Amino acid sequence: MTARAIDPGALETTASKSKYQNELSMALVLVGIAIMFEILGWIFVGDSFLANQQRLSIIILQVSVIGILAVGVTQVIITGGIDLSSGSVVGLSAMVAASLAQSSTDPRALFPALTDLMPVWPILAGVLAGLVVGVINGGLLAKTNIPPFIATLGTMVCVRGIAKWYTLGQPIGLLTPEFSWIGRSFNVLGFPVPLPVLIFLFVALIFHVALGYTRYGKFTYAIGANPQAARVSGINIGSHLIKVYAIAGLLSGLAGVVTAARAASAQPTMGTAYELDAIAAAVIGGTSLAGGSGRILGTVIGTLILGVIMSGFTFLKIGSYYQEIMKGAIIVAAVVIDQYRRSRKDRV
Amino acid sequence: MTARAIDPGALETTASKSKYQNELSMALVLVGIAIMFEILGWIFVGDSFLANQQRLSIIILQVSVIGILAVGVTQVIITGGIDLSSGSVVGLSAMVAASLAQSSTDPRALFPALTDLMPVWPILAGVLAGLVVGVINGGLLAKTNIPPFIATLGTMVCVRGIAKWYTLGQPIGLLTPEFSWIGRSFNVLGFPVPLPVLIFLFVALIFHVALGYTRYGKFTYAIGANPQAARVSGINIGSHLIKVYAIAGLLSGLAGVVTAARAASAQPTMGTAYELDAIAAAVIGGTSLAGGSGRILGTVIGTLILGVIMSGFTFLKIGSYYQEIMKGAIIVAAVVIDQYRRSRKDRV
Amino acid sequence: GDIGVTIATSDSNLALLIQGIEAHAKELGQPVQVEIADGDVNKQLSQIQNFIAADVDAIIVNVIETSTSPTITKMAADAGIPLVYVNNTPRDVESLGDTAAFVGSDEYVAGTLQAEGVCKRLTARGVTGEAGVLILQGILANETAVLRSKAVHDVAARPECSFMKVIDEQSANWDPVKAQDLMTNWITAGYQPAAVISNNDEMAFGAINALKAVSWNMDEVEIAGIDAVHEALEYMKRGDLDVTVFQDVRAQGTSAVDMAISLAKGEKVESPHWIPYQLVTPENVEEYLAKY
Amino acid sequence: MTEPSIAAATRPTKITTDREGPALLSVRGIRKEFAGVVALNDVSFELRAGTVHALMGENGAGKSTLMKVISGIYRPDGGTILLNGREVELTTPLAALDLGIAMIHQELNLMAPMTVAENIWIRREPRNRLGLIDHAELNRRTAALFAELDIRIDPDRLVGDLSVANRQMVEIAKAVSYNSQVLIMDEPTSTLTEREVEHLFRIINTLRAKGTGIIYITHKMNELFEIADEVSVFRDGEHIATRASSDLTRDDVIRMMVGRDISQMFPKVPAEIGDVVLSVRNLTLRGVFDDISFDLRAGEILGVAGLVGAGRSNIAETIFGVTPATSGSMLVDGRHVVIDTPRTAMQQGMAFLTEDRKDTGCFLNLTIQENMQIAALQSGFHRNGFVEQRRLGQECQTLREALRVKTPSMEQKIVNLSGGNQQKALIGRWLLTKPRILILDEPTRGIDVGAKAEIHRMISSLAAEGLAVIMISSELPEILGMSDRVMTIRQGKLTGILDRAEADQIKIMELVAQ
Ligand SMILES: Nc1ncnc2c1ncn2[C@@H]1O[C@H](COP(=O)(O)OP(=O)(O)OP(=O)(O)O)[C@@H](O)[C@H]1O
Ligand SMILES: Nc1ncnc2c1ncn2[C@@H]1O[C@H](COP(=O)(O)OP(=O)(O)OP(=O)(O)O)[C@@H](O)[C@H]1O
Ligand SMILES: O[C@@H]1[C@@H](O)[C@H](O)OC[C@H]1O
Ligand SMILES: [Mg+2]
Ligand SMILES: [Mg+2]
């Protein structure tokens with residue numbers, strides 16, 4: 001009925017093209033950073049940054065734990081919340097899992113009767129520990145009116161305390177080889193791919209689908225976009241938040257299990273400050289802290305950007321103080337460049 | 001002219017009575033926690049928690065640095081933003097200040113030509129360092145479109161790197177007594193009051209007035225309440241944000257100076273994770289992370305709650321792992337109780 | 001009354017220190033109150049002030065930053081409360097006065113023992129050409145990390161060990177996972193180290209994990225740590241770890257309690273009181289395992 | 001059919017002004033494009049001092065966009081703006097305000113956590129000698145302004161606690177307080193009832209007499225002839241014509257807007273009234289409304305009339321479980337039901353279009369598709385948790401066409417739609433749930449005449465199929481045209497239920513006024 005009837009077909013394609021436009025823009029930033037390291041590599045180290053199979057897999061490996069957390073926290077942020085407890089949960093679930101994964105060669109095992117268990121038990125226990133914390137977070141938000149920042153700050157402090165109390169500050173080592181196997185590499189199409197990387201990508205895939213194609217996902221976005229409207233549309237916000245935080249907790253638990261397996265040991269301080277990196281990965285990847293927007297694909301790219309930055313500096317043999325200074329600057333620059341690209345696109 | 005015209009006189013009084021109602025509610029929570037420690041003290045330690053002058057001043061002293069940061073971050077949060085860099089700025093400005101406050105008795109002074117300076121120079125330098133970081137934060141937000149979380153996360157990492165790089169990780173000690181004087185106590189009406197406490201309360205007073213009674217304050221609330229409305233009302237959001245973040249940076253710088261003076265030395269890691277405590281103090285005190293609401297008085301009460309919790313557990317001789325566990329729980333409980341009290345009041 | 005104890009942070013080594021203090025105090029029937037400062041100088045100062053407010057008999061401090069010790073010494077002296085520093089050397093160790101004391105071990109010695117151990121083993125293996133050494137450092141702001149690393153450099157500068165060349169050194173913040181990532185990055189950067197010398201055991205574990213993940217031949221690389229924690233001894237028995245140094249933190253804790261009680265009674269104590277480090281290698285590992 | 005106007009008699013007669021006066025504001029060749037949409041194409045028009053210039057056009061015609069360009073919110077892609085004959089650069093809202101251009105926005109633009117006085121005087125607060133804000137003076141000024149405008153709102157109340165209508169009055173007062181030469185009003189009356197409209201017109205007349213040039217956007221035809229001196233009509237981003245309002249008839253305007261005739265305004269299809277589906281018994285929300293009882297039958301449209309603040313929206317919210325009742329009961333199909341959340345209401349087959357599309361309606365940052373489908377997902381369109389996107393997409397597409405939502409794609413964010421089009425999408429959201437009881441709170445708020453007729457036809461034919469409808473409206477013609485029965489509310493009390501035959505303006509006004 002409008003005078004300027006625009007060919008709907010043509011427009012639909014613009015729309016579907018633009019659906020992943022933000023992610024594409026961020027991916028370009030990722031590639032840009034990688035190329036920068038490649039060039040600097042040839043100039044200063046005389047070596048290629050990217051043409052090294054092993055390095056590529058390490059880039060992902062070293063951020064796979066952050067990535068698993070980030071997948072969880074992305075969902076939380078989409079609801080308009082935040083999860084500060086994920087780093088502490090890594091510590092707790094690493095401890096819990098490790099305590100059930102000790103090998104009987106350790107004469108001082110924490111639970112001497114529970115050594116040499118099949119890895120499924122420690123894995124389950126670790127994940128469950130995370131789930132419990134997540135349910136508490138979600139329950140606090142559903143039943144009371146406190147801000148997510150405070151609820152998860154509280155559990156963050158509390159859970160770290162429990163992790164330390166569990167063994168009175170002692171680390172747990174000497175885990176069974178079956179358990180530490182989770183941290184090892186496998187051959188995928190001739191490439192050695194570490195299992196943590198596969199776990200991360202698998203988790204990302206699942207929640208990419210869950211957010212984009214299920215009711216769970218649609219409700220998650222709706223709550224973040226406008227909680228009042230969501231309620232009037234019939235969504236039970238409380239019970240949905242419990243689900244979202246439970247999933248985030250569960251994933252943090254999984255991250256803890258992976259951490260313990262990789263290190264073949266657990267310390268109660270494991271995962272300290274990981275929550276910030278995870279949140280950063282999500283936000284770099286385009287998730288808005290205001291809630292209602294964000295996608296797992298973006299978070300994966302954000303995670304990879306962190307990974308490339310970390311590996312790149314070590315590769316360039318830059319002193320650690322400079323590394324820190326530049327890491328901060330690059331995080332900001334990545335997002336600034338991305339925003340700039342997008343706003344230019346808007347104008348066209 | 002509305003159908004339910006209510007006697008305007010009655011409304012006036014309700015409004016003015018309720019102006020500090022939230023703060024009152026939180027103050028009651030603070031008193032409640034203190035009384036709880038008092039009672040537990042008599043039962044388990046056989047001693048009074050509150051009737052100890054020294055302890056009362058320590059309660060505030062130990063959180064005065066957090067408190068100074070919290071005054072700054074409260075303003076940032078009211079604009080709808082966040083400042084993660086404040087803890088790192090404490091580290092940097094402590095280092096900068098200390099480097100200009102060394103006494104000539106140190107044969108290894110960082111700037112041998114600049115020893116035994118009058119304290120005004122290190123103080124200015126430290127505060128200025130904070131101001132610069134604040135202006136960078138604000139400038140990033142004004143000129144680009146990146147989220148405050150990312151901008152200040154970037155400076156947080158970067159500034160910490162600079163603090164370490166400044167002396168290649170070395171601490172700075174042997175400061176002049178004139179400088180460390182800032183960390184000492186003074187007699188106020190017969191009570192020994194530490195100067196950091198006075199600085200904190202003075203800063204709080206200034207910004208209580210600035211937020212409540214100046215255009216600076218009104219703009220700050222307006223931007224956080226509805227940036228779109230603020231913009232169409234003619235407020236230059238960019239330039240105002242620069243001011244707010246600059247002030248937050250300046251206060252972080254001041255907090256760094258106080259920290260260095262208290263310890264009579266500076267380490268680049270000083271202030272690590274203080275930003276979280278500062279944000280917690282603000283949020284416990286009723287500042288909403290959604291922006292547009294919050295008051296310095298509330299933040300002062302929030303800060304004191306943190307102080308009482310910290311001292312209380314030590315006083316009760318509770319093991320440090322339990323302390324951590326309970327600290328998390330009490331932070332949550334304090335806010336839950338407060339919310340509950342408020343919602344009951346609403347209903348009446 | 002009580003003895004107030006403040007410990008720099010919570011890590012496995014310091015947890016043993018706490019155990020040493022608590023166990024010995026219990027034996028003596030001496031009440032202690034242990035606080036952990038989480039690496040925060042401000043917090044440590046506040047804990048000490050809280051102890052002073054509670055009027056404890058003595059204070060034991062595992063100082064976070066050696067440079068803050070003059071402030072702490074003065075605070076305790078002003079309040080007339082005896083003070084014992086433990087483990088980390090205070091900056092004013094030479095001028096603590098009569099009511100304060102220090103017990104600990106010399107970090108530089110730890111690094112020296114460790115590096116000498118590596119040097120000896122490499123020599124014994126007949127390595128003569130250039131032997132690349134990677135150093136995994138702790139938190140660089142800690143004097144502990146700085147002194148231990150410096151000692152490694154100094155040993156490598158000795159004529160008999162001059163074949164050891166430090167090819168890179170970076171901080172992994174005492175964190176095994178960070179160490180693991182760092183080591184992996186080093187491997188992909190093409191380093192072929194003859195030795196990886198770590199400021200503590202836990203980071204050495206990270207290096208071992210990284211090397212094993214790429215099936216490195218562990219016989220061709222010397223891995224050295226410090227602390228001789230229980231797990232380290234197990235790693236050593238398996239042939240993964242080659243050198244570590246036993247830091248007798250429990251003994252430090254025991255002595256700290258004894259010294260605090262003596263000071264509180266007004267007695268004089270010997271300060272600084274050094275608890276010696278001991279080199280641990282596969283040859284004598286069983287002896288240390290027996291301690292656990 | 002002429003639109004009845006109850007208040008016309010009491011309104012001051014229109015002040016005629018010199019049509020040939022010099023242009024206060026002229027807009028030349030303005031162009032504005034958004035990704036994929038040309039919102040304004042070579043638009044020119046002139047505003048004379050001391051006149052009211054109405055802008056008319058279908059939803060999405062570009063009216064608000066043009067106003068945002070004039071008030072410095074959007075930068076045009078081309079064209080010039082002249083104020084008093086001089087070209088001006090309107091780069092920021094501040095620049096526009098400084099030049100004497102103020103605007104009342106279509107969507108409320110207030111700072112909810114701040115007081116009424118703070119909202120009005122932001123950036124212009126009175127200060128004392130110390131440079132501190134003089135709150136007493138602030139309230140005094142507000143009181144003076146309110147006295148002048150005859151508005152009665154406590155200056156110290158938080159805006160967030162005001163009803164939508166009162167917020168709108170605050171917006172109006174704020175815009176007036178700038179004493180600007182040009183005052184833009186973008187659908188100021190869409191949330192007001194007749195009384196406030198009348199009140200607003202008094203204000204407008206005063207301003208016009210003072211020489212202020214007023215741009216007035218509305219979808220309400222009768223207002224046009226009461227208040228406007230000139231009318232400009234827009235269609236699809238283009239300026240179609242400008243005429244003196246006295247030279248125009250209602251049908252002329254519609255023809256220019258829509259490009260065709262619209263004959264029937266309220267095509268109420270007589271429907272067969274069936275059984276009682278909803279019985280409300282003594283429903284009370286303490287302090288807000290008391291003792292509301294009525295029956296609603298299948299096929300019936302129950303109009304709800306009342307003054308602003310009478311509590312109509314509150315009653316609807318309680319029926320739908322948004323704010324559970326403090327006492328009273330409800331029966332659906334004769335069975336007692338407990339409705340304490342919107343979810344439970346939806347399980348009883350209810351649907352509820354809220355009054356405030358920004359606060360409780362739209363998910364502004366989500367797409368139109370997502371906005372429309374969200375409620376339907378509660379009851380269907382999913383298999384094992386997976387959304388049946390294809391089927392849902394098709395249904396949404398059908399509704400979008402039926403409701404004439406003007407958008408290039410369903411994947412657009414709803415925030416990019418014009419206000420009226422957002423409203424249509426929200427109606428679509430609830431129709432998609434296939435409700436048995438549909439509660440509509442100001443359903444055609446901000447909707448253009450053409451689409452309004454369409455929506456009325458749709459509601460009417462759904463009722464004919466057995467849907468029971470509760471329709472709250474502040475537009476009496478809509479109430480009278482659409483309702484089978486009219487329920488009147490005054491100060492939280494039910495004052496009467498009139499049959500279609502006995503309902504007329506006078507009776508209704510008697511029942512709603514105190
Ligand atoms: N920010 C934006 N991004 C994309 N498109 C936009 C944006 N703002 C407006 N539009 C489009 O521009 C056109 C004109 O919108 P505008 O809001 O000016 O209409 P309107 O005439 O005010 O309609 P209504 O009567 O419904 O308020 C619409 O098609 C709308 O979708
Ligand atoms: N959250 C609230 N706090 C205080 N008063 C409120 C609140 N919500 C509504 N009210 C008041 O309750 C009364 C009824 O409001 P309601 O919106 O239901 O009226 P209405 O008849 O629908 O009028 P309108 O035509 O404006 O929608 C109004 O006086 C309003 O100010
Ligand atoms: O293991 C380290 C220990 O050797 C040192 O004394 O303090 C820091 C610890 O992490
Ligand atoms: Mg409009
Ligand atoms: Mg209403």
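Sequence lines set the chain letters: A, B, ... in the order given, protein chains first and strands last, and positions in each chain run from 1. Treat the numbers as computed from the prediction; the structure is a model and nothing was measured.
- Under the ring pair (Phe, Tyr, Trp, His ring centres under 6.0 Å) criterion, A:Tyr221 pairs with no residue, sequence neighbours left out.
- For residues 284-293 of chain B, the interface with chain A (any heavy-atom pair closer than 4.5 Å) comprises B:Ile284, B:Leu289, sorted by residue number.
- For A:Met326, no part sits under 4.5 Å from any heavy atom of chain B, backbone or side chain.
- Of all residues in residues 160-169 of chain B, those placing a non-hydrogen atom less than 4.5 angstrom from a non-hydrogen atom of chain A are B:Arg160, B:Gly161, B:Ile162, B:Lys164, B:Trp165, B:Leu168, B:Gly169.
- A:Ile150 CD1 to B:Asp338 CG: the interatomic distance, rounded to the nearest 0.5 Å, is 10.5 Å.
- Using a 4.5 Å cut-off between heavy atoms, B:Ile146 touches chain A through backbone and side chain atoms alike.
- Residue with the most contacts toward chain A among B:Val157, B:Val336, B:Ile331: B:Val157 (heavy-atom pairs, distance under 4.5 Å).
- Taking A:Gly80, A:Gly328, A:Ala151, A:Ala329 one by one and counting their heavy-atom pairs under 4.5 Å with chain B, the maximum is reached by A:Gly328.
- The candidate from B:Thr144, B:Val159, B:Asn145 with the greatest count of non-hydrogen atom pairs under 4.5 Å with chain A is B:Asn145.
- Within residues 275-283 of chain A, the residues having any heavy atom closer than 4.5 Å to a heavy atom of chain B are A:Leu276, A:Ile279, A:Ala280, A:Val283, listed by residue number.
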